[in-house]
Amino acid sequence: MTITEAQLLIGDRDAAAADASTFVRENPVSGEVATRAANAGVDDAIAAAEAAAEAFPAWSALGPHERRKKMLRAADLLEVRTPDFIAVMMDEIGATAPWAGFNVYLAAQMLREAASMTTQVSGETIPSEIPGSLAFSIRQPVGVVLGIAPWNAPVILGVRAIAMPLACGNTVVLKASEICPGTHRLLGTVLREAGLDHGVVNVLTHDAARASAIVETLIAHRAVRRINFTGSTRVGKILAVTAARHLKPILLELGGKAPLIILDDADIDAAVNAAAFGAFMNQGQICMSTERILVDEKIADVFAEKFVAKVRSLPCGDPRTGDVVFGAVVGMPTVERVNALARNAVACGAKILLQGEAQGTIMAPVIVDHVTAEMQMFREESFGPSVSITRFRTTEEAIRLANDTEYGLSSAVFGRDIARAVEVAKRIDSGMCHINGPTVHDEAQMPFGGVKASGYGRFGGRAAINEFTELRWITIQTTPRHYPF
């Protein structure tokens, strides 16, 4: 296996860490070194923020069509480098080739969608009570944006952390995940090759031990004006407090425990396919993953039988050697967490419908039936290839169960009576709900985000413009103004 060498991107140069230290990321399947990366420290974080600040005046003044052209060029180059991204994602996180390829596909769409927004950063005229006063609002770029991206969908979420900030005229520091430093650093290379100017995008790689100091340094830096973070609710709460101390807005997309409600009139075969995809795409390591299937007890046995048959038919194995659905999870803690939740559920009266033996980090799916709201499996995010089935008697009970969680990111409802399904969807506490579709669903132009412990703010489309610009009120007095003294 070829070892990826990843340096920092500060300004337009590849750089070692200021203290010359490095760290390694190992392949989760083989244990071999996948990436050796520069281990940035506080001095490097300051240098990256200052490089972004220096680049901001020119980039923010660049015309929208010129920004668009560079971002479209980046999208094209991203697709050209698809084989490279597949290789490094397989090495760093054990990704399957289809998942890695989809990452590049959707990330390129995000860049193109963001490019289309460069001319949509607009304002409005506002009627004024003052005679002769022309009042209007405008949106302006804020400065340097800190983007913090996770490992599970590293190209999608790495690009999402930077695309709309760039389209709005901001410059960016991308703090890479220590689990996929090579993947996130390759994003920086693509953007530089697309012609983004010196310092417009900077990438910092570092090990886990240095993460806290780097993030605190960057949030505190005078040039950093916005922060966006995708990751766990636990870390998101810490970052929200840190940002609040400096009175800096932060956009958070955090954990999930997505419910999929299957009403008694649902197309069961369609629900089975959506549940299998939603629960097990990328081994369940997606914030939108279907973790809780809530099914009407009148159809629960039929659904469970068909669902198990569907999932059992999906191939499992080493993602490096074949086309598999169930490949490697990111590390052994995932295997241990999923198995512990299943054991606890069984001890409390649940029933295992499907559970294979994990071969290291190559993990077969886990399906547990008769899970109740009192069990850990109903409440705790597994972030792995497992799903629970809970049976309900009434629609009111289904809604109550769906909302009986601290999370509120994605959800889904299956039913042939669309009016009824819409009414159910409207009562679910989540940022997104899909009727007769899976909980795992993302499109570049859509307002993506959650409520409750799943975060706040929205990525995607026009909604993201509000997150990465400053709204200003400006007046022009066109006639002499009367004053009371």
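- For Ala194, the side chain to side chain contact (heavy atoms under 4.5 Å, CB included) test picks out Arg73, Ala74, Leu77, Leu196, with sequence neighbours left out.
- The number of heavy atoms from other shown groups lying within 6.0 Å of CZ (Arg458) is above 12.
- Around the OH atom of Tyr456, the shell of radius 6.0 Å holds more than 12 heavy atoms that belong to other residues, nucleotides or ligands.
- Ionic pairing of Arg36 and Glu5 is present here: one or more N-O contacts between side-chain nitrogen and carboxylate oxygen are shorter than 4.0 angstrom.
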Original post:
Where do Arg210 and Asp44 land on the salt bridge (charged side-chain N to carboxylate O under 4.0 Å, His left out) test, with the steps shown first?
Top reply: CA-CA 11 Å; Arg210 295 189 174 187; Asp44 301 301; 5.4 Å; no
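- Nearest approach of Pro131 to Thr479, heavy atoms of both residues: O-OG1, 3.7 Å.
- Side-chain contact of Thr475 with Ser133: a donor-acceptor pair under 3.5 Å is absent, judged by distance alone.
- Shown here for Val203 and Ala176, the closest heavy-atom pair between the two residues is CG1-CB, 4.4 Å.
- Applying the side-chain hydrogen bond (donor to acceptor under 3.5 Å, both in side chains) test between Asn39 and each of Thr205, Asp207, Thr22 identifies Asp207 as the sole match.
- For the residue pair Ile428 and Ser411, the shortest heavy atom distance occurs at CG2-OG, 3.7 Å.
- Using a 30° and 60° split on the angle between ring planes, His441 and His434 fall in the tilted class, from 30° to 60°.
- Within a 6.0 Å sphere centred on NZ of Lys452, other residues, nucleotides and ligands contribute more than 12 heavy atoms.
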**OP:** Give the intermediate values and the outcome of salt bridge (charged side-chain N to carboxylate O under 4.0 Å, His left out) for residues Arg420 and Glu423.
**Re:** CA-CA 5 Å; Arg420 176 193 184 197; Glu423 289 305 309; over 6 Å; no
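- Under 3.5 Å, the side chains of Lys175 and His206 contain a donor-acceptor pair of N or O atoms.
- Nearest heavy atoms, Ser289 versus Ala258: O-CB, 3.3 Å.
- The CD1 atom of Ile250 lies 11.0 Å from the CD atom of Glu467; values are rounded to the nearest 0.5 Å.
- With rounding to the nearest 0.5 angstrom, the NZ atom of Lys70 is 5.0 Å from the CD atom of Glu66.
- Ile399 CD1 to Ile261 CD1: the interatomic distance, rounded to the nearest 0.5 Å, is 6.5 Å.
- Using a 3.5 Å distance cut-off with no hydrogens or angles, the side chains of Glu216 and Thr242 do not pair a donor with an acceptor.
- Of all the heavy atoms in Trp99 and Ala95, the pair that sits closest is CD1-CB, 4.0 Å.
- In this structure, the separation between OG1 on Thr118 and CD1 on Ile465 is 9.0 Å, given to the nearest 0.5 Å.
- Scanning both residues, Asn152 and Ile93, for their nearest heavy atoms gives O-CD1, 4.2 Å.
- Taking the ring axis of Phe448 as reference, the NZ or CZ atom of Arg160 stays within 45° of it and closer than 6.0 Å to the ring centre.
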Subject >> Derivation of the salt bridge (charged side-chain N to carboxylate O under 4.0 Å, His left out) call for Arg416 and Asp264 >> reply: CA-CA 9 Å; Arg416 286 188 171 92; Asp264 58 0; over 6 Å; no
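- In this structure, a donor-acceptor pair under 3.5 Å is present between the side chains of Arg68 and Thr119.
- Counting only distance, with no hydrogens or angles, the side chain of Arg337 and the backbone of Ser382 share a donor-acceptor pair below 3.5 Å.
- A distance of 11.0 Å separates CZ in Phe468 from CD1 in Ile162, rounded to the nearest 0.5 Å.
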